[in-house]
Every structure is written in C-alpha cells, then in structure tokens.
Amino acid sequence: MRVTFIGTSHGAPEPHQKCTCVMIEIEQQLYFVDMGTNAVEALCSRGLSANNVKGIFITHMHNDHTNGLFQFADLLAWRYKNASPVVCLPNLKAAELITEWLKINLDARERPISYRETKPGIVYNDGTLTVTAIPTQHCVNSYAYLFEAEGKSVLFTGDLKRPGIDFPTIARERALDLLVCEGAHFEATEYLPVFEQCDIKHVCVTHYYLPHMISVLQLRQELINRGLPVTIATDDCEITV
Ligand SMILES: [Zn+2]
Ligand SMILES: [Zn+2]
C-alpha cells in the first residue's frame with residue numbers, strides 16, 4: 001500500500017501546500033482520503049488515470065477537504081468514462097449539489113457517480129480494501145477512516161477536536177502500520193499520552209498549521225527519542241507500508 005500526500009495544508013492553501021488530499025495505491029487501484037484540491041491534475045502529472053479510482057472517502061464536509069470533488073466529478077462525467085468510484089460522503093446533500101452543478105455545466109450530460117453516506121462501521125469493502133469509519137467530534141458528521149489491505153492497517157484521523165477527546169479508540173484495539181494524524185487544531189504534543197496506549201509502527205503528521213508548528217516538531221523529536229519512525233508530510237511525499 002502506497003500513501004501519497006497530494007496536499008498537506010490546513011484550512012487554506014499555503015505557498016508550498018495544497019489543501020488536504022491523500023492518494024492510496026493498492027495493486028494499481030486508486031483511493032483517496034479527502035479531496036481538497038484538484039486530484040485529477042495530480043493523477044495526470046503522475047501518469048495515472050482517474051479511470052482507476054475506486055473509492056473516495058471524505059472525512060468531513062469542510063472546504064479544505066472537499067473542494068476538489070466538483071472538478072473530479074466534472075471530469076469523470078465526460079473524460080474518464082470507465083471510472084465508477086464510490087464516493088463516501090458524511091453529508092449526502094453534497095451529492096445533490098454536485099449533480100445539479102453537472103447539469104448546469106454539462107447540459108445534463110452527467111453520468112451517475114455512486115455516492116454513499118458515511119456512517120460508523122465498515123463503509124466499503126471491494127475484496128482488496130476494507131474501510132471502517134469512526135466518528136470524531138471535529139464538527140457535525142466528521143469521521144476518521146481505517147484502511148485495511150494486504151495485511152496492513154492505516155488510520156487517517158481526519159480533523160479532530162483534541163486527541164484526549166476523540167482520538168479513534170480503534171487505535172488502542174489493533175496494531176497500526178501507519179497513523180496519519182492532523183496537526184492544526186491543538187498542540188501536537190497532546191498526542192503523546194494517547195500514543196502510549198497504542199501499537200503504532202509509523203506516525204505521519206499532516207494538515208499542520210504554522211501556529212502549532214513548534215509542537216509538531218516537539219512531537220517529532222519525542223517520537224524519534226522513543227525510536228518510533230515519524231514523518232512530517234510535505235506535498236508529494238510518499239510512504240509505503
Ligand atoms: Zn481541515
Ligand atoms: Zn475541518
């Protein structure tokens with residue numbers, strides 16, 4: 001499983017960071033967690049086709065996690081006709097809006113995309129990948145996603161309220177090969193007591209924010225001291241698990 005960070009920014013783009021968008025490649029099938037930026041451009045620049053996108057999992061509806069969905073649906077409607085991804089959305093009203101947008105933009109040439117409402121529990125299983133949604137308290141209908149494939153487990157926290165409040169308990173119940181956690185809404189060192197209760201092989205901090213950057217670096221140093229591999233994600237960086 002290869003995890004590529006297309007965008008690592010917090011609520012708004014920064015000079016060297018696009019908004020949140022993570023691509024996961026499993027046996028040449030493509031999946032996304034959040035799509036806050038133009039993912040089709042990112043695919044094209046890597047020589048990949050949107051026809052191979054099987055699933056898109058939106059953690060919550062804030063714009064920095066969803067802005068790329070309109071572009072994606074638009075291009076799928078007329079350019080990538082072999083694509084049939086499942087889009088898991090915490091709020092299905094967005095699917096109606098996208099469909100309406102396509103009617104205006106493409107003169108009713110829209111092609112149905114399979115939208116599914118994210119609810120707690122297993123939201124997706126295609127035989128290669130199982131995705132479990134875990135509610136968080138960042139906002140109304142916000143979720144973390146656990147990806148399980150090829151005998152590996154990767155947890156994407158999405159945005160959180162605070163680690164002591166809504167860090168997904170599933171991380172205490174099973175080993176994680178990779179934890180992708182956010183660093184924008186609290187001091188990142190607040191993760192440390194939670195991590196002590198978990199079996200995590202590699203921590204990656206993304207979605208970080210300048211005012212909390214010192215604590216992100218403190219977290220990094222503390223995890224290095226403990227011998228735990230840690231990555232501060234930058235746009236286009238990749239982690240293979
Ligand atoms: Zn966010
Ligand atoms: Zn948010």
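Not measured: the values here are computed from a predicted model.
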Quick one: does [X]'s side chain get under 4.5 Å of [Y]'s, heavy atoms only?
X      : Y      : answer
Leu146 : Leu176 : yes
His16  : Thr234 : no
Val180 : Phe5   : yes
Asp159 : Thr20  : no
Ile165 : Gln137 : yes
Asp74  : Leu102 : yes
Leu192 : Leu223 : yes
Lys54  : Leu129 : no

Residue pairs involving [range] (criterion salt bridge (Lys or Arg N to Asp or Glu O under 4.0 Å); sequence neighbours excluded):
range            : result
residues 12-39   : Arg2-Glu25
residues 161-175 : Glu148-Arg174, Arg162-Glu190
residues 213-226 : Glu196-Arg226, Glu222-Arg226

*Would you call the rings of His62 and His60 parallel, tilted or perpendicular, where under 30° means parallel and over 60° means perpendicular?*
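His62 vs His60 ring planes: perpendicular.
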*Would you please test Phe167 and Leu179 for side-chain contact (heavy atoms from CB on, under 4.5 Å) and show each step?*
CA-CA 11 Å; Phe167 187 81; Leu179 168 73; 3.9 Å; yes
For [Y], does its backbone N or O pair with a side-chain atom of [X] as donor and acceptor, under 3.5 Å?
X      : Y      : result
Glu150 : Lys152 : no
Asn51  : Ala83  : yes
Thr206 : Ser9   : no
Asn63  : Gly36  : no
Asp177 : Ser153 : yes

*When you look at Met213 and Ile232, which way does the side-chain contact (heavy atoms from CB on, under 4.5 Å) test go after all the steps?*
CA-CA 10 Å; Met213 217 41 224; Ile232 311 292; 4.2 Å; yes
Residue pair [X] / [Y]: nearest heavy atoms and the distance that separates them:
X      : Y      : answer
Val216 : Gly183 : CG2-O, 4.2 Å
Ala50  : Leu43  : CA-CD1, 3.8 Å
Ser49  : Leu30  : O-CD1, 3.7 Å

*Apply the test side-chain hydrogen bond (donor to acceptor under 3.5 Å, both in side chains) to residues Ser142 and Thr136: give CA-CA distance (whole Å), side-chain angles for both, the deciding distance (0.1 Å), then the verdict.*
CA-CA 5 Å; Ser142 57; Thr136 63; 2.8 Å; yes
*Cluster link Tyr80 to Phe72, ILVMFWY, side chain under 4.5 Å*: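 In one cluster: yes.
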Please tabulate, for the side chains in residues 85-93, all donor-acceptor contacts under 3.5 angstrom to protein atoms that are two or more places apart in sequence or on a different chain.
unit_1, atom_1, unit_2, atom_2, d
Asn91, OD1, Lys93, N, 2.9

*Audit row: Asp236, Arg46, side-chain contact (heavy atoms from CB on, under 4.5 Å) steps and yes/no*: CA-CA 10 Å; Asp236 301 322; Arg46 289 168 171 78; 2.8 Å; yes
*Starting from the C-alpha separation in whole Å, work towards a yes-or-no answer on side-chain hydrogen bond (donor to acceptor under 3.5 Å, both in side chains) for Thr118 and Tyr145.*
CA-CA 10 Å; Thr118 298; Tyr145 287 112; 2.8 Å; yes
*Quick one: ring-ring contact (aromatic ring centres under 6.0 Å, His included) partners of Phe156, sequence neighbours excluded?*
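So Phe156 forms a ring-ring contact (aromatic ring centres under 6.0 Å, His included) with Phe147.
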_ring pair (Phe, Tyr, Trp, His ring centres under 6.0 Å) contacts touching residues 197-218 (sequence neighbours left out)_ =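 For residues 197-218: His10-Tyr209, His65-His207, His185-His207.
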*Show your working on side-chain contact (heavy atoms from CB on, under 4.5 Å) between Val203 and Tyr191 and close with a plain yes or no.*
CA-CA 11 Å; Val203 171; Tyr191 282 117; over 6 Å; no
